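Remarks on the structure that follows.
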Amino acid sequence: EAGVAQSPRYKIIEKRQSVAFWCNPISGHATLYWYQQILGQGPKLLIQFQNNGVVDDSQLPKDRFSAERLKGVDSTLKIQPAKLEDSAVYLCASSPFGGNQETQYFGPGTRLLVL
Amino acid sequence: RKEVEQDPGPFNVPEGATVAFNCTYSNSASQSFFWYRQDCRKEPKLLMSVYSSGNEDGRFTAQLNRASQYISLLIRDSKLSDSATYLCVVNLRGGGNKLTFGTGTQLKVEL
């Protein structure tokens with residue numbers, strides 16, 4: 001079974017530029033998550049989708065971050081404009097239905113460096 | 001106060017040693033508990049779920065104390081391949097599958 005796919009794997013941009021990340025979850029998984037992991041910290045949930053609807057985006061900095069999952073399958077996360085403090089690994093995860101005890105399967109992440 | 005607190009380590013232990021990690025969580029409404037493992041520059045992967053009755057998987061034992069809001073992970077007979085960061089994770093009741101991660105505890109197993 002193919003895992004969660006993410007691209008690009010690495011991205012270097014200058015502050016105030018825009019960047020987009022792509023995620024394709026495990027086939028059939030209804031729930032998709034985007035996390036931000038800053039060096040030395042645990043992952044922090046940015047947004048959770050159930051199919052093509054947003055379940056939780058309470059920790060998404062909406063002035064600069066946006067995400068969509070239009071067809072309920074793959075998803076994009078965008079930052080516009082980027083700040084130095086956005087340097088982090090952006091992890092996408094998926095789970096079958098979004099239940100409390102479900103395992104979340106993580107992709108390899110996109111490592112972003114903002115200069 | 002952080003929602004999930006862990007000692008960041010690093011814990012440097014010799015091969016074969018027993019090592020224990022602790023974690024506390026602040027929200028008494030937390031319902032589900034997990035340990036995830038994250039290797040250097042890799043994604044987190046589920047190690048095991050944690051139940052009130054305690055659970056064991058080979059050399060790994062997890063315990064939960066709801067009254068003290070405390071979670072532990074015990075690794076016996078540690079191997080070089082156990083070197084990683086161990087993330088304590090909680091899920092709020094009614095929170096869907098929203099996971100809150102601790103900062104992780106780094107383990108280095110040495111010869």
Side-chain angles (χ1 to χ4, degrees), chain A residues 2-7 9-10 21 23-26 29-51 53-60 88-113, chain B residues 2-10 21 23-27 29-53 55 57 62 64 71 73 84-107:
Chain A
V4 176
Q6 289 188 248
S7 67
R9 294 295 309 278
Y10 305 91
F21 312 129
C23 172
N24 194 26
I26 292 173
H29 279 195
T31 313
L32 185 147
Y33 316 80
W34 283 102
Y35 289 86
Q36 179 193 59
Q37 186 172 22
I38 293 171
L39 188 65
Q41 299 182 20
K44 182 183 83 170
L45 180 69
L46 293 175
I47 189 167
Q48 176 182 346
F49 290 96
Q50 186 72 16
N51 297 308
V54 175
V55 174
D56 186 336
D57 63 357
S58 58
Q59 297 189 96
L60 185 74
V89 177
Y90 290 84
L91 293 161
C92 179
S94 71
S95 66
F97 303 107
N100 276 351
Q101 287 288 348
E102 280 185 359
T103 300
Q104 291 188 19
Y105 298 89
F106 285 81
T110 296
R111 198 169 295 270
L112 174 67
L113 178 60
Chain B
K2 290 181 181 177
E3 292 186 66
V4 180
E5 294 208 55
Q6 296 182 250
D7 181 343
F21 304 138
C23 165
T24 57
Y25 59 95
S26 60
N27 193 326
S30 298
Q31 182 181 34
S32 307
F33 309 89
F34 311 91
W35 285 100
Y36 274 70
R37 171 189 168 134
Q38 187 170 27
D39 292 294
C40 188
R41 301 179 73 84
K42 298 285 189 180
E43 70 272 23
K45 292 183 179 178
L46 179 66
L47 177 67
M48 58 198 304
S49 300
V50 188
Y51 305 111
S52 297
S53 55
N55 48 303
D57 182 2
L64 167 64
I71 306 163
L73 177 68
T85 295
Y86 291 84
L87 297 158
C88 178
V89 188
V90 305
N91 189 344
L92 289 175
R93 178 179 297 122
N97 202 9
K98 177 182 176 179
L99 301 181
T100 301
F101 287 77
T103 56
T105 298
Q106 188 179 9
L107 172 66

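Numbered from 1 within each chain, the chains take letters A, B, ... in sequence-line order. Here the structure is a predicted model, which means the values were calculated and not measured.
From A/Glu102, atom CD reaches atom OG of B/Ser49 across 11.5 Å, with rounding to the nearest 0.5 Å. Here A/Ile38 contributes atom CD1 and B/Thr103 contributes atom OG1; the two are 12.5 Å apart, rounded to the nearest 0.5 Å. For the atom pair OG1 of A/Thr103 and CZ of B/Phe34, the computed distance is 7.0 Å after rounding to the nearest 0.5 Å.
For A/Tyr33, the part lying near chain B is the side chain, with the backbone staying farther off; criterion is any non-hydrogen pair under 4.5 Å. Only the side chain of A/Gln59 has a heavy atom closer than 4.5 Å to any heavy atom of chain B. Heavy-atom distances place the side chain of B/Tyr36, and not its backbone, under 4.5 Å from chain A. Within the 4.5 angstrom heavy-atom criterion, only side-chain atoms of B/Gln38, from C-beta onward, approach chain A. Neither the backbone nor the side chain of A/Phe97 has a heavy atom closer than 4.5 Å to any heavy atom of chain B.
Considering every non-hydrogen atom in both B/Lys98 and A/Ser58, the closest pair reads NZ-OG, 3.8 Å.
The closest side-chain heavy-atom distance from B/Lys45 to A/Gln104 is not below 4.5 Å. Within the 4.5 Å cutoff, the side chain of B/Leu87 has heavy atoms near those of the A/Pro43 side chain. The side-chain heavy atoms of A/Tyr105 and B/Leu46, taken from C-beta on, include no pair separated by under 4.5 Å.
By the 6.0 Å contact criterion, CD on A/Gln41 is enclosed, its count of non-hydrogen atoms from other residues, nucleotides or ligands being greater than 12.
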